[in-house]
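Keep in mind that the numbers below use all heavy atoms, side chains included, and drop hydrogens, waters and symmetry copies. Both counts, for ligands and for their atoms, begin at 1 and track the order of listing.
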Amino acid sequence: MTQDTIVAIATPPGIGGVGIVRVSGSRVRKIAEAIVGRPLHPRIASVATFRDAAGDFIDEGLALFFQAPKSFTGEDVLELQGHGGPVVLDLMLHRCLELGARMARPGEFTERAFLNGKLDLARAEAVADLIESSSVLAARLAGQSLQGVFSRRIETLIEHLTRLRMLIEATLDFPDEEIDVATEQSVASGLRQLIDMTRAIMTEAHQGQMIREGLAVVIAGAPNVGKSSLLNRLSGTDAAIVTPIAGTTRDLLKLDIHVDGLPIRIVDTAGIRQTDDPVEREGVRRAREQLVTADLVLWIHDGIEDAEPMGEASLPSNCPVTRVRNKIDLAGIEPQLAETKTGTEISLSAETGAGLDLLRDHLKAVAGVGTLPGGAFMARRRHLDALNRGLQCLDVAQENLTNQTGPELVAEELLQAQRVFGEITGQVTSDDLLGRIFASFCIGK
Ligand code: GDP
Ligand code: ZN
């Protein structure tokens, strides 16, 4: 292990009680001795004075040494915990650079942990997700993933896949013989089981991803039905982080809110209507773009102009719509949630707040929160994409089996699925993928 030695300030910029400089790599022992003035015992916190090249005082604090491979990165690691001031931390950083370390890239500590087999890729990503989680729920799920809940599900999937492949490949060694009926049946049922497992993981991964990135909700409907009022209601009562994003077209308003820990990204489309005005047409185009990627469209109407609800028919097909009848206070109707043939319909009043709880519960139900199993985990788009591609391979394998195209083709698809699932935990990776993942980490992690 002749890795170069990396250093970074691991605590956030600014002033704080404690500031930590972290070093990892082959020069750690030398650096520790030079700064602290004596060798350090592994895994024992020592009170120490940190000195510069001239032997002058920089700071005093705790020095922690972790000997390879028993460290976060799997290499020798030094943590110097001093005072949290930018200048003093900078002096410490420079001292380490002087002693032969180089600045760490974002995520490089975690990347080394991954490369040294301390963490699989999904768990490494969970480290970043935990740090960046925007709600308690997201933090809880990231914690589950960090503990390996998601990775174990993928590993089990890959184990099943490998066993099935071996079963098929065993028959390939006897080319003259047909697969016997018993083998064929157990391959068929094994494959069905694999497909079910994959689907189940995908459902949960999708919930995890939604909680990570937020449920994308679009509010649409005719002018004056109460879209803005509803938006204010939803964000206000949840003491939401309200962040209107500047610079978007005048027609799109974006808000990030939380409903019981579920992040929701709401876009108010402010009326989707056909028009010849070029600026407005651009607004319509952007609104449509939002509709296509939405997890849910809330179609607001006020039940008054009961004619064909303007524009609802113009929603892109296959976008999930919940109809919201607003202003029930005017009609003297009780709030309610009804399942109709065309989907869910909620009656409420943005003005009085009646029925808002029904809407909040509905949003949580759409995201699958509340029905989250104990072992729920965090997941990313990348994971879902891999699960999807793997599932496609399994589907093709099943077709091949049904059409009796020969065991080679079935085995080939299974191998492909195995590779794709392996991308999730990092059994199979490319530098490109790793670069992209770790570049989004913060420095010092
Ligand atoms: P938007 O154009 O769809 O965004 O509609 P607004 O939110 O601007 O609301 C249009 C008008 O309807 C405003 O005068 C609101 O005060 C009123 N309004 C909105 N929601 C309700 C409601 O639930 N009950 C009553 N009585 N008025 C409402
Ligand atoms: Zn409005």
Measuring from atom 6 (P) of ligand 1, which candidate in Ser349, Gly226, Gly353 has the nearest non-hydrogen atom? Gly226
Quick one: look at Val225 and ligand 1, take heavy-atom pairs under 4.0 Å, and tell me if it's side chain, backbone, both or neither. both
Could you check if a side-chain atom of Val420 sits within less than 4.5 angstrom of a side-chain atom of Val428, using non-hydrogen atoms only? no
Is it the case that atom CG in Asn403 sees more than 12 heavy atoms from other parts of the structure closer than 6.0 Å? yes
Return yes or no for this condition: an N or O of Ser228 is under 3.5 Å from an N or O of ligand 1. yes
Between Glu412 and Gln416, do the side chains contain a donor N or O and an acceptor N or O under 3.5 Å apart? no
Please check: side-chain N/O of Glu75 versus main-chain N/O of Gly25, any donor-acceptor pairing under 3.5 Å? yes
Under 3.5 Å between any N/O of Thr352 and any N/O of ligand 1: does that happen in this structure? no
I want to know if ligand 1 touches Leu348 in the polar sense, i.e. an N/O pair below 3.5 angstrom. no
Minimum non-hydrogen distance to atom 27 (N) of ligand 1, winning option of Glu351, Lys227, Arg325: Glu351
Identify, by atom number and element, the atoms of ligand 1 in contact range of Leu330, meaning under 4.0 Å from any of its heavy atoms. 26 (N)
Take atom CD of Glu334 as the centre, draw a 6.0 Å sphere, and report whether it contains more than 12 heavy atoms from other residues, nucleotides or ligands. no
Suppose we screen for side-chain contact (heavy atoms from CB on, under 4.5 Å). Which residues come up paired with Glu98, at least two apart in sequence or across chains? Ala53, Arg95
Applying a 4.0 Å heavy-atom criterion (strictly less than), which segment of Asn326 is in contact with ligand 1: side chain, backbone, both, or neither? side chain
